[in-house]
Trainee: 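First the structure, then my questions, so here it is.
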Amino acid sequence: MSNGPVPRPHVLITGGAGFIGSHLAEACLAAGHRVTAIDDLSTGSRHNVEQLMADPLFRLVEDTIADPSTLGPLVEACDTVVHLAAAVGVDLIVHDPVRVIECNVIGTQAVLKAAVQHGRKVLVASSSEVYGKGAGAPFGEDDDRLLGPTTKSRWCYSTSKAAGEYLALAYHRQQGLPVVVMRFFNTVGPRQTGRYGMVVPRLVAQALAGEPLTVYGDGRQSRCFCDVNDVVRAILALATCPAAVGQVVNVGSTEEVTILELARRILALLGGDGATDAGGLLARGLIRLVPFESAYESGFEDMLRRVPDIRKITLLTGWTPGLPLDETLRRVVTWLAPARLIPGRPAEVG
Ligand code: NAD
């Protein structure tokens with residue numbers, strides 16, 4: 001008796017032409033999977049997946065996740081959905097909160113409903129923003145959340161991502177939908193655009209343009225930046241981990257760096273100014289401190305620290321982040337440097 005060929009796993013990536021989505025699509029194809037990406041190209045771009053277009057196992061559907069007549073058949077045709085589509089970026093959050101709420105809550109509900117209807121597993125991207133402005137570090141998945149008032153649009157992103165988590169967990173509990181909630185901390189790498197307020201590509205683009213690096217606040221706020229390739233490895237590990245179903249899982253690096261130090265390291269990479277400390281770079285005008293209020297909205301609040309507790313994902317899957325920040329920064333510089341010469345590429349941020 002012939003068993004016939006084993007069918008390829010088919011992954012549907014919402015937001016598949018975005019930063020993380022395009023890297024995930026590449027990794028899935030490299031693993032021999034079929035990949036369908038649905039993306040409305042609002043913050044993503046065809047350019048991110050251009051190198052995949054000739055692959056017969058890849059398909060990009062340029063559409064919104066909000067239309068069930070498009071989404072339903074795509075979900076039905078796949079084995080697993082990785083739901084990354086979202087309205088993201090501090091600029092967007094502050095200036096277009098309606099879009100943020102509609103996309104992240106109603107869009108996520110549309111994905112979950114289609115998954116319930118067709119019995120498909122869903123990995124839902126959430127964010128460390130759900131922890132809000134709590135000062136505790138590192139953040140564990142069951143820690144309390146501390147948010148500002150609803151009159152500050154700053155907090156609508158956090159709330160919209162938390163609503164997505166609630167929806168995913170509720171569909172799991174009430175309808176048995178297999179879900180995994182992935183709480184990403186800051187993720188960086190090539191193809192991330194600085195247009196919507198992401199700090200690493202924005203600072204690298206400024207450094208490449210020979211402009212002062214603008215650091216908001218006093219620059220002492222710290223973050224942990226995880227390389228996108230590590231995040232993609234985490235997604236793939238969680239997708240095949242039965243014990244992760246129904247769980248909320250932090251995904252991030254534990255290498256903590258202040259934004260001032262980040263700016264110093266970027267300048268050191270590009271200009272050989274590594275020996276100069278951040279204070280010296282400030283004094284020489286190579287780094288400029290800008291109050292949050294002038295960049296965003298009055299009363300804008302930022303978190304002092306944002307460090308993940310990653311014991312849960314390590315216990316579940318064995319995953320730990322691998323690439324050090326300096327290597328990731330080098331890759332971002334390599335990606336953005338030639339892009340500066342091509343009009344329309346993401347490097348015209350600044
Ligand atoms: P991104 O903006 O590059 O990706 C989001 C993608 O979703 C974009 O390609 C965009 O065009 C698409 N999209 C938005 N609305 C859509 C809609 N209605 N229909 C179809 N497509 C739509 O951002 P990213 O950094 O790749 O983020 C991916 C996911 O990871 C998001 O859910 C985000 O909240 C989460 N996340 C990212 C980070 C990070 O540091 N990059 C941190 C925490 C959480």
Side-chain angles (χ1 to χ4, degrees), residues 11-31 33-67 70-71 74 82-92 95-96 99-100 103 107 125 184 186-209 225-233 235-236 266 270 323 327-350:
V11 183
L12 173 66
I13 307 175
T14 73
F19 162 52
I20 298 176
S22 61
H23 285 275
L24 177 65
E26 261 173 3
C28 289
L29 290 168
H33 300 355
R34 181 176 292 281
V35 174
T36 301
I38 178 168
D39 200 302
D40 69 357
L41 305 183
S42 50
T43 53
S45 77
R46 279 181 74 86
H47 189 81
N48 286 341
V49 287
E50 228 162 44
Q51 71 289 3
L52 308 178
M53 291 298 197
D55 191 329
L57 294 177
F58 178 75
R59 178 179 169 214
L60 171 65
V61 178
E62 291 177 32
D63 210 328
T64 169
I65 52 168
D67 180 358
T70 312
L71 188 67
L74 297 180
V82 181
H83 174 44
L84 302 175
V88 302
V90 181
D91 286 352
L92 202 60
H95 297 118
D96 196 353
R99 187 168 136 205
V100 171
C103 178
F184 297 145
N186 293 71
T187 304
V188 289
R191 297 191 205 131
Q192 183 174 41
T193 165
R195 257 188 224 125
Y196 310 101
M198 306 306 184
V199 63
V200 169
R202 184 176 60 76
L203 293 181
V204 170
Q206 287 178 324
L208 284 167
F225 295 98
C226 193
D227 190 279
V228 67
N229 287 303
D230 284 333
V231 169
V232 164
R233 264 197 311 112
I235 297 172
L236 295 177
I266 290 169
L270 283 167
L323 274 173
E327 177 52 30
T328 302
L329 292 178
R330 237 171 256 125
R331 292 178 184 195
V332 174
V333 168
T334 306
W335 174 70
L336 277 176
R340 291 188 65 242
L341 306 173
I342 306 171
R345 289 285 300 273
E348 78 272 1
V349 294

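Basis for what follows: all heavy atoms, side chains included, without hydrogens, waters or symmetry-related copies. When a residue number appears, it is its place in the shown sequence, counting from 1. The structure presented is a predicted model; accordingly, all values stated were derived computationally and were not measured.
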Trainee: Please determine which of T328, L329, V332 meets the side chain to side chain contact (heavy atoms under 4.5 Å, CB included) test together with D227.
Mentor: T328
Trainee: Would you name the heavy atoms of L84 and G21 that are closest together and state the gap between them?
Mentor: CD1-CA, 3.5 Å
Trainee: Hey, is R331 close enough to E327 for a salt bridge, meaning N to O under 4.0 Å?
Mentor: yes
Trainee: Which heavy atom of A205 sits nearest a heavy atom of L336, and at what distance?
Mentor: N-CD1, 4.2 Å
Trainee: Given 3.5 Å as the limit, does a donor-acceptor pair link the side chain of Q192 with the main chain of T187, or not?
Mentor: yes
Trainee: Is there a donor-acceptor pair under 3.5 Å between the side chain of H33 and the backbone N or O of A27?
Mentor: no
Trainee: Does the side chain of T193 reach to within under 4.5 Å of the side chain of T43, using non-hydrogen atoms?
Mentor: no
Trainee: Out of curiosity, L29 CG to L24 CG, how far, rounded to the nearest 0.5 Å?
Mentor: 9.5 Å
Trainee: Can you tell me how far apart CG (L57) and SG (C28) are? Round to the nearest 0.5 Å.
Mentor: 11.5 Å
Trainee: How close do F19 and P190 get, heavy atom to heavy atom, and via which atoms?
Mentor: CE1-O, 3.3 Å
Trainee: Hey, could you give me the NE2/OG1 distance between H83 and T14, rounded to the nearest 0.5 Å?
Mentor: 5.0 Å
Trainee: Decide yes or no for L74 and R59: does some side-chain heavy atom of the first lie under 4.5 Å from some side-chain heavy atom of the second?
Mentor: yes
Trainee: Between atom CD1 of I65 and atom SG of C103, what is the distance when rounded to the nearest 0.5 Å?
Mentor: 5.0 Å
Trainee: What's the spacing between L52 CG and R46 CZ if we round to 0.5 Å?
Mentor: 11.5 Å
Trainee: Roughly how far apart are I235 CD1 and I13 CD1, rounded to 0.5 Å?
Mentor: 8.0 Å
Trainee: Can you give me the closest heavy-atom contact between V49 and A17, atom names plus distance?
Mentor: CG1-CA, 4.1 Å
Trainee: Indicate yes or no: at least one non-hydrogen side-chain atom of M198 is less than 4.5 angstrom from one of V88.
Mentor: yes
Trainee: If you look at every heavy atom in V232 and I20, which pair is closest and at what distance?
Mentor: CG2-O, 4.4 Å
Trainee: Quick check: closest heavy atoms across D230 and L323, and the distance to 0.1 Å?
Mentor: OD2-N, 2.9 Å
Trainee: Is the backbone N or O of L60 less than 3.5 Å from a side-chain atom of D39, with the two atoms forming a donor-acceptor pair by type?
Mentor: no
